[in-house]
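Here the structure is a predicted model, which is why all the values come from computation and not from measurement. So that the names make sense, note that chain A is the first sequence line, chain B the second, and so on, each numbered from 1.
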Amino acid sequence: MPENSVLIVDSDPASRETAAWLKGAGFKVATAATGEEALSLIDNQDFSVMLLDMRLPGKHGLGVLREVKVKRPWLQAIVTTDHPSVESATEALKQGAVDYLVKPFSPQDLEKLVKDTIKSASKQKTVHVQIKAKQTPARISYQATFVISRDSLKNLVNSLIKEREAIGVRARQGKFAYDKVKNFDDLALDYDVTVNPPTAFFIPACETILRYKLGPTPEITPVTDTTPRVLIGVHPDDINAINLLDEVFMTGNPDPNYAARRQNTLIIGVDVLTPLPSSFAPSMGSYTAESGYDLLLTDIGNSSYMVTVGSEAGAQVLAKYAQVREPTVAETARQKQVRDEALSKYRLFLDMSRDKIPNLLENNYDNPYWKMRSETCLNCGSCIMVCPTCFCFDVQDDVSLNLTDGERIRKPDGCMLVDFSRVAAGANFRGDKVSRFRHRMYHKGKYILDRYGKFGCVGCGRCSVTCLAEIASPLEAYNAIAASETAREKARRTITNTRPQPELYLPHLASIVKTTPLSSRESLFEFRLKDGHKLGHRPGQFVEVYVFGIGESPISLTSSPTRDHTFEVAVRNVGNVTGALHRMEAGAPVGIRGPFGNGFPLEQMEGKDLLFIAGGIGIFPLRSLIQYVLDKRENYGKINLLFGARSPAERVFAGEMAEWSKAPDVNFMETVDKGDESWTGNVGVITTLIPKVQFDPKKTVAVVVGPPIMYRFVINELKKRDLADDNIIVSLERKMKCGVGKCGNCQINGVYVCQEGPVFSLTRLRTLREAI
Amino acid sequence: MKPKVAFFDFTSCEGCQLDALNLDVGEVLGLLGAVEIVNFREVKTDRSDDYDIAFIEGSITKESEIPRIEAIRKQAKVLVALGACACTGGVNCLKNAYKPDELLKGVYGECASYYNTILARPVSAVVPVDAYIRGCPPTTSEFLKVVKAALLGKRPDIPNYPVCTECRIAGNVCVFQRGGTCIGPVTRAGCDALCVSSGRFCWGCRGLVDDPNTNSAKDVLARYGLTLDQILERFKIYNSYSEVSQCQK
């Protein structure tokens, strides 16, 4: 990086003289007249120091600074201005400027400052804000805290009331509200919350922004209100709200009307002693305020207050109207104690760090919560009208009756009102309750943050007090969304492996008790663990069957745990492991790992009617469930069993099925895709059976197991019969090498079938695009 | 050529007409400078049937009022419903809950037969209405707003949000929080929450907003201890003509 290159960004031609002078002093100098020009220069060239004027045509100096700091964080920026203010100085330093220089300055001073800046580029910023002015350099030490007696405070406030319009907190109809005050004794300094936000004095209910005369050559005059005001008793959360509005209205293209009010208003803050029960300011980080006030009071008892100076103007009025002294150690401790006591009274908290909110919202745009909660919304606008961070507005014209002159006025408006997003042609871009409700929550928790770096909610709790439908609290929304996400996560992670796996990859020794051929390709194997224990499985789970020297295969358990100490698996001879298994005889040793995965939702099925649908060897896993249910027949309602095979020769467990159908209240239906001369039953794919079955969709759980191709068609048929997604259960097949969510073969999107499956509800499947 | 304006009264207390003239001197002069009033029973005796804009006060409650309003509609280029009775039927519609004979007897006793009455209804139930100036009575500012909009040929900015919005802007403590009940949450704003700001509650005189969530309002009122009948009584004061049927579901 060039050691002595300076970029001067200034629209004033006088800056060219500065440039010439710096060049003479040995610096390399470039100039830019606008922020846009400066930004494009910076894109192509490195500078060590930038002199940046605040008032530029187009993009405001602070906006340029912000972008520069993103692009070139190391670039040392000195902000220069003709219009110094503590607010802009603070803002500039906050944005990362190293100094704040008031014009005009002497060439010698500038040269020294630029040299010093380059030299100390690596050093830390001072904590003091220094405004370099021509005549009297004022050194303001922020956060200096003094003790002020109540009498002296009264004198201060009453003096301010005489010199400016005073707005303070007063009791109103059993609550508190900001209102004009005429005397210190009218003021409430210990209150929970005001019904109206203090920001209403910066964006008033009805504000004239322009006056005009109509005619062939209209005349337009801007109107700004420069009445000196003082706001007394503003809570830290509201001060933080004002800081956000400053960000919105005073950076980039500053809003002249807001800026005029803001710059002519003194803010005297007061720490909260009695928080509102619905406030969650600590969770939003706005329980204390670091800046944004001129003076901040803390009631430390004994008719004394701590007063913290937040600005030059604050220091001046304090010096002019009050007597203060340095606090004792005990008083400083008392201030901390008062704040801690108040903090301990808050009752509502975010269930997560607030930093998580934007991401949470990002992922939950379609969360059913929005619809569910917004249904009772009255669109009454109360929540946005009491909100200290809501700033949207409408602009209307009011013309005189003789149509010769008029004014433009702005009024508060906001996203919760029906017509806020309606355009003249009639379209309404947020025409339903859900989108309005959701927009507000996103605006508070994400959009504002993305744009201005601050949350659009300070947790004051006013909206939840005022909302008659009791739906307005962002805290409740964010917590509920987070909870639903946790629940979803939990559902995703429900793992019902019942047997511990101390040595994950070490198979338990088992031996074949019996083999029974089921068809030309399939046999049933009965195993017993060497240690004599039960396997301890649930219907629907699987085991990894290991044929020594050949390999492992995931195989569904075919028998119910209610039957015996042994367990059965039915296996089709299709590969290495299954082929080897088919060659083995009774007594031969095998390795068993598992059981793995989750099983069928037995508890959900209890008391319900059941509809079992098996396609081909889908009957294998289903058999464990059917046996289980028949063994606990009294726990379940009516049973329908549908079975489809490709041909009569491929009907496995046909004999058993005939047995099952004799149990009370069991209806068995069977079909084959293609019949032969011996077949007299149904012919057709399994979906053709579904319309023939009688069942009550409200009382029925359907369990579907079969080849992948079958699922989509069967599910379609079931949806036609109005079965809810939650009550459609399927078991999926995947390649599962490890069985415990490590090897990754079985993943569907982010889900491991071996752990979170193989049994899934359709509700869950709908979130997995790769599933079927 | 100044537009010619006429005022007509139907069944009403005529308070809206008086209130329309409740302007300060400057405004009256401004109005008279902008329009020519050709027909206004409360103000002048001369009458003319040549007018452009007709302001209609009151609801339609007698057979004889129907041909009269139809004739006015035919003449007027712009027909404006002025006040709650003309806009929503207003309190007159409360009589619709009774049998006409019983009602007449109850009110006029032996003289009942001298009168005839039909179901009370807003003007829009009989003839098309171009603009509404709502309220019982309407605010003079809204009256002027509509007049000015008509003169400029634009649509006036009449709020389509509930009274709560303006009530919060006014910094009022919610009536519900003060232990009362209010139908502001479904009532169209535009009055700057006048009644609540004066310590009362909203009666709903400006009619319901376009899309009132009456079910939710009902739940809210019920949560604050009102029975369905009590809730409907509140709604019915000004909104019994049509809108109330929605919340009886």
Parallel, tilted or perpendicular: which fits the ring planes of F7(B) and F143(B), with parallel below 30° and perpendicular above 60°? tilted
Taking NZ in K182(A) as the centre, count heavy atoms belonging to other residues, nucleotides or ligands within less than 6.0 Å. Is the count above 12? no
Contacting region of A200(A) [heavy-atom separation from chain B under 4.5 Å]: neither
Flag yes if more than 12 heavy atoms outside R47(B) fall under 6.0 Å of its CZ atom; otherwise flag no. no
Under a 4.5 Å heavy-atom cut-off, does chain B meet the side chain of L468(A), its backbone, both or neither? both
Should the pair K213(A)-E219(A) be classified as a salt bridge under the 4.0 Å nitrogen-to-oxygen rule? no
Looking at chain A, which one of P162(B), G199(B), A170(B) has the largest number of heavy-atom pairs inside 4.5 Å, strictly under? P162(B)
Using non-hydrogen atoms and a 4.5 Å limit, figure out which bit of L378(A) sits close to chain B: side chain, backbone, both or neither. both
A quick test of your reading: do over 12 heavy atoms of other residues, nucleotides or ligands sit less than 6.0 Å from NZ of K154(B)? yes
Does the side chain of E407(A) pick up a donor-acceptor pair with the side chain of T208(A) at under 3.5 Å? yes
Show the numbers, then the answer: is there a side-chain contact (heavy atoms from CB on, under 4.5 Å) between S473(A) and F280(A)? CA-CA 10 Å; S473(A) 167; F280(A) 51 99; 4.2 Å; yes
Chain B heavy atoms under 4.5 Å from T194(A): which part of the residue, side chain, backbone, both or neither? neither
Proximity breakdown for V147(B) and chain A, heavy-atom pairs closer than 4.5 Å: side chain
Can you pull out the residues in residues 179-192 of chain B with any heavy atom less than 4.5 Å from chain A? P185(B), V186(B)
Residue from Q396(A), E375(A), K411(A) scoring the most non-hydrogen pairs under 4.5 Å with chain B is Q396(A)
Residue, of L401(A), N196(A), T466(A), T376(A), that accumulates the most heavy atom pairs under 4.5 Å with chain B: L401(A)
Classify the ring geometry of Y191(A) against H235(A): parallel below 30°, tilted from 30° to 60°, perpendicular beyond 60°. parallel
Given the rule in the side-chain contact (heavy atoms from CB on, under 4.5 Å) test, do R440(A) and C383(A) qualify, once you have shown the distances and angles that lead to the verdict? CA-CA 10 Å; R440(A) 173 172 169 266; C383(A) 55; 3.7 Å; yes
Does R134(B) qualify as a cation-pi partner of Y132(B), given the criterion of NZ or CZ under 6.0 Å from the six-membered ring centre and within 45 degrees of its axis? yes
Neighbour count >12 (heavy atoms, 6.0 Å) for atom CH2, W370(A): yes
Using non-hydrogen atoms and a 4.5 Å limit, figure out which bit of D179(A) sits close to chain B: side chain, backbone, both or neither. neither
Among S400(A), C380(A), G381(A), who wins on heavy-atom pairs under 4.5 Å with chain B? C380(A)
